[in-house]
Student: 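Have a look at this one before I ask anything.
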Amino acid sequence: NNQHNKTTPLRGVFSRSHNFRTMLVKNPFKPESGSRRFLSSTKARRLSLCIIIAVAIGAVGLLFIDNKQGKNYLKTSTSIQKKNNDNIILASSSGTTDIQHRPSKQAGDAVGSNSNKEDDRDGEELQLSAAADKFEMTDTMKASPSNNGNPTPTDMSMEIEQKSRAYPIWIDKQRAVNSNSRPYGWCVSEDLASNDESPKGLLFVKVHKCSSSTGAGVTLRIQDGLSKRLNQPNQNQTARAHGTCFAHYNHATATKRSFQKRDPSQSFLWSIVREPAQRTLSHYFYYHISKQNNKATEDGIMAVLKSSEKQNYQSKYLDLPSQNEQSSSSTERIINGYDFVAVNERMQESLVVLAMLAQIPLTDVVVFFSKIAGGYDGGNGKSCVKLKNKWTTPKIDEYIRGDYQSANKDDYLLYNAAQRSLDKTIDALGRHRVEENVKLLRSLQQQNDEQCASKVTMPCPEPDDAEKKRDHIRLVKESCYFSDIGCGHACTDEVLADYGEKEWASITTSSYGQG
C-alpha cells in the first residue's frame, strides 16, 4: 500500500479505490490478501477465455445476419428497377402480372377450377410466376464497400446501363456514314441477298418461344407491304412470292446464318427476347408436353430448368461473335450488333419502336397472333397440337429465384439490357410520340380483330370430313403467308388501307420519327 501511495495522484486514485485491474477480476466471495478479494490466476484465465469465446460467437452471428440480409437483394430487384426506371419491369403488354401456382402435392394435375386460358401468343402475354420478377447480378458487377460488401441498386443497374443503348433510326445511322444512302437500302432482291457472303435484307432471328411466330409474321408483313409500295406488284399476288424484298424469318441461330458478317448498309437485323425462365417453361410445355401429349410433373420441370443445354439459351442463339471483339460480352455484341431487339413482355411498345426505326407504317406491324395457349399449333400438312397451359409450384419458383438465375446470368443481363435499351430509344424518339403511337396501334389492332377475325382461316383445328379438309387447306394457304404465320394479311391490308396510305404519304414527305 505504501508503494501505491507513492505513485502519481491519478494512479493513486485508481490504486486506492478503483484499480482498473481489480475491477475486472475482483471476486467478492473469496477473501485473499486482507480486505481485498482477487480471483486465482487459473480462474482468471478461464474467465478471459469465456469472454473471448462469447465475443467470437457474437461476431460470427453478426456476419451471418449481414450475409443473409445481403442476399435479399435478389428479392428486391423489381422495386429497385422500378425506382431507378419505371419501365425496366417485368410485365405483360396488357399490364397484367397475375401469378398462378399449383401446390406441389397437386403437381401434374389440372389447374383447379381456373377457366381462364393463358394467352401465351408464343410468349407475348403470359402469367408471370413470382420468379419472373427477379434479377440476378452478373460476375462483373462489383460489390460496394459502403454496403457491407453486398451489391447496391447502383451496382446492379450499372452494367445494364453500360451495355444498353438507344437504337438509331436506320437511315440516320447509314447517312452518318454515307450521305447517299437510301431510306430502305435493306430492301434487296433475293438474288442479291443470296449471292453474296455478306447477308442482306430484312433479317429476323427467330428464337424458340420468344413470340417467334408473331415476329416472323411481322417480318413478312413489313416485307410484303414495303415491296408493294415500292414496286406496286399485282395486288392479287403477295410480295413474298413476287420476291422484291428478301426476308429471313426461319428458326436458325445468328451464327448459322453468318449474320455477324452482314452488310449493315443493306440489312435490317432484329429479334425478340423474353424473360429467361418463362421462355424455358414455355419451351418445355410446348415441345415436351403439348406436342408429345405428355403429363407435366414438378420433377420434369425442375429437370429442364437444371439442364445445362438450356442455360443462357437466348444469348447463345442471338450472339454475333467476332474475332475483333473476343473481349466483349455476348450482351454487348447483341445490343450493339442488332438494329433493334424487341422485348416480348412489352410487345406493343416494341412494335411501335420497330416501325419508327425502320420508317414503315404502323399498319405493317398489325398481325393476328399465331399461338394462343389453350388453342392449337400445327396444321397445313402437320398434325394439329392442342396447346396446354404452363404452371409452376413454390418449389420451382424458389429454384428459379436462386440457382436458375445464377446459371443464366448472361440471359438475364441481355433481357434487362434490352429493356433499358427500349426505354432509351423511346426517350430518343420522343416518349409522348411513342405513347400516342401505342394507342394508335391498339386501335388499329382492334379494328383488325373486329373486322377480320371471322374471315381468317387458321390451320387448326381441321375438319374431320375429307372434302371439307381439302377446302380448309386451300383457304389456309390463301389466308396465311405459310403455316400459321401472317394469317389474315389480305383482310388486314383491306381494312387498314386508308390509314396505311395516309401514313405512308406522311413518312415519305416528312422526317418521320425524329425527336
Side-chain angles (χ1 to χ4, degrees), residues 74-82 85-101 118-138 156-157 160 163-164 205-215 271-286 301 304-305 307 310-318 330-331 334-335 341-350 371 373 389-392 396-423:
L74 288 177
K75 300 180 180 179
T76 58
S77 69
T78 300
S79 60
I80 288 170
Q81 292 179 37
K82 195 168 185 178
N85 192 312
D86 289 341
N87 292 289
I88 304 184
I89 57 175
L90 307 181
S92 68
S93 57
S94 62
T96 61
T97 55
D98 296 334
I99 300 171
Q100 292 202 3
H101 300 296
E118 178 192 2
D119 186 4
D120 191 15
R121 297 184 180 180
D122 196 19
E124 184 199 346
E125 292 183 3
L126 46 101
Q127 297 165 339
L128 291 176
S129 69
D133 291 333
K134 312 299 173 193
F135 170 71
E136 172 69 20
M137 189 183 73
T138 68
M156 290 188 288
S157 63
I160 296 172
K163 288 178 168 49
S164 59
V205 182
K206 190 181 181 185
V207 184
H208 295 86
K209 312 316 297 175
C210 289
S211 291
S212 58
S213 295
T214 297
S271 189
I272 306 172
V273 295
R274 182 180 183 181
E275 197 284 324
Q278 290 299 322
R279 194 216 67 82
T280 301
L281 291 171
S282 185
H283 191 278
Y284 170 75
F285 272 86
Y286 177 70
I301 296 173
V304 75
L305 288 172
S307 172
K310 299 294 187 293
Q311 290 177 2
N312 297 307
Y313 185 90
Q314 297 175 80
S315 296
K316 295 174 183 176
Y317 208 98
L318 297 172
S330 58
T331 294
I334 293 167
I335 295 298
V341 177
V343 178
N344 170 80
E345 287 78 11
R346 300 170 62 183
M347 185 58 72
Q348 290 184 324
E349 291 174 89
S350 294
K371 294 178 179 65
N389 295 335
K390 63 182 181 292
W391 51 264
T392 65
I396 294 170
D397 291 337
E398 182 179 1
Y399 176 77
I400 291 174
R401 287 193 294 268
D403 291 346
Y404 178 85
Q405 290 195 357
S406 297
N408 291 272
K409 291 179 180 180
D410 290 348
D411 268 11
Y412 276 97
L413 177 58
L414 172 62
Y415 177 71
N416 282 277
Q419 292 231 46
R420 184 68 185 115
S421 295
L422 177 58
D423 286 313

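Throughout, numbering of the chain's residues begins at 1 and tracks the sequence. Side-chain atoms are counted along with the backbone in the values below, which use heavy atoms only and exclude waters and symmetry mates.
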Student: Under the 3.5 angstrom rule, does the side chain of K310 hit a backbone N or O of Y284 as a donor-acceptor pair?
Tutor: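 A pair under 3.5 Å: no.
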Student: Quick one: CG on L318 to OG on S330, what's the gap to the nearest 0.5 Å?
Tutor: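 Atom-to-atom, L318:CG and S330:OG are 9.0 Å apart.
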Student: Give the C-alpha distance, both sets of side-chain angles, the deciding distance and a yes or no for side chain to side chain contact (heavy atoms under 4.5 Å, CB included) between W391 and L281.
Tutor: CA-CA 8 Å; W391 51 264; L281 291 171; over 6 Å; no
Student: I'd like to know if the side chain of R274 reaches the main chain of E345, judged simply by a donor and an acceptor atom lying under 3.5 Å from each other, with no hydrogens or angles considered.
Tutor: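 Answer holds: no.
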Student: Would Q419 and R346 count as a side chain to side chain donor-acceptor pair (under 3.5 Å) if you check the C-alpha gap in whole Å, the side-chain angles of each, and the deciding distance to 0.1 Å?
Tutor: CA-CA 9 Å; Q419 292 231 46; R346 300 170 62 183; 3.2 Å; yes
Student: Could you tell me which residues satisfy side-chain contact (heavy atoms from CB on, under 4.5 Å) with A342, sequence neighbours excluded, listed by chain and number?
Tutor: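 Per chain and number, A342 pairs via side-chain contact (heavy atoms from CB on, under 4.5 Å) with W270, I272, F340, S350.
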Student: Is there a donor-acceptor pair closer than 3.5 Å between any side-chain N or O of S406 and the backbone N or O of G402?
Tutor: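 Checked: pair present.
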Student: Return the NZ to CZ distance between K209 and F285, rounded to the nearest 0.5 Å.
Tutor: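 Here the rounded value is 12.5 Å.
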Student: Hey, which of D410, T331, D411 is the one that makes side chain to side chain donor-acceptor pair (under 3.5 Å) with S315?
Tutor: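 Of the listed residues D410, T331, D411, the side chain to side chain donor-acceptor pair (under 3.5 Å) partner of S315 is D411.
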Student: With sequence neighbours excluded, tell me which residues meet side chain to side chain donor-acceptor pair (under 3.5 Å) with Y313.
Tutor: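 Expected list: H208.
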Student: Search all heavy atoms of V273 against all heavy atoms of A418 and return the closest pair with its distance.
Tutor: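 So the minimum-distance heavy-atom pair works out to CG2-CB, 3.7 Å.
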Student: At what distance, to the nearest 0.5 angstrom, does CZ of R401 lie from CD1 of I396?
Tutor: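 Rounded to the nearest 0.5 Å, the CZ-CD1 separation comes out at 11.5 Å.
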Student: Show your working on side chain to side chain donor-acceptor pair (under 3.5 Å) between Y412 and Q314 and close with a plain yes or no.
Tutor: CA-CA 10 Å; Y412 276 97; Q314 297 175 80; over 6 Å; no
Student: Excluding sequence neighbours, so at least two apart, what forms side chain to side chain donor-acceptor pair (under 3.5 Å) with T280?
Tutor: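 Residues passing side chain to side chain donor-acceptor pair (under 3.5 Å) with T280: Y404.
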Student: Atom CD1 in I400, atom CD in Q405: separation rounded to 0.5 Å?
Tutor: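 Separation between the atoms: 8.5 Å.
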Student: The criterion is side-chain contact (heavy atoms from CB on, under 4.5 Å); which residues satisfy it with S164, sequence neighbours excluded?
Tutor: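 In terms of side-chain contact (heavy atoms from CB on, under 4.5 Å), with neighbours along the sequence ignored, S164 is linked to R420, S421, K424.
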Student: Would you give the length of the straight line joining atom OG of S211 to atom CZ of R279, rounded to the nearest 0.5 angstrom?
Tutor: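 Those atoms lie 12.0 Å apart.
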Student: For the side chain to side chain contact (heavy atoms under 4.5 Å, CB included) test, which of N408, N344, V343 pairs with Y415?
Tutor: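 Of all the options given, the one that passes is V343.
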Student: Show the nearest heavy-atom pair for residues V304 and I301, with the distance to one decimal.
Tutor: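 Closest approach of V304 to I301, heavy atoms only: CG1-O, 3.1 Å.
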Student: What's the spacing between L414 CG and I334 CD1 if we round to 0.5 Å?
Tutor: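 Output value for this atom pair is 4.5 Å.
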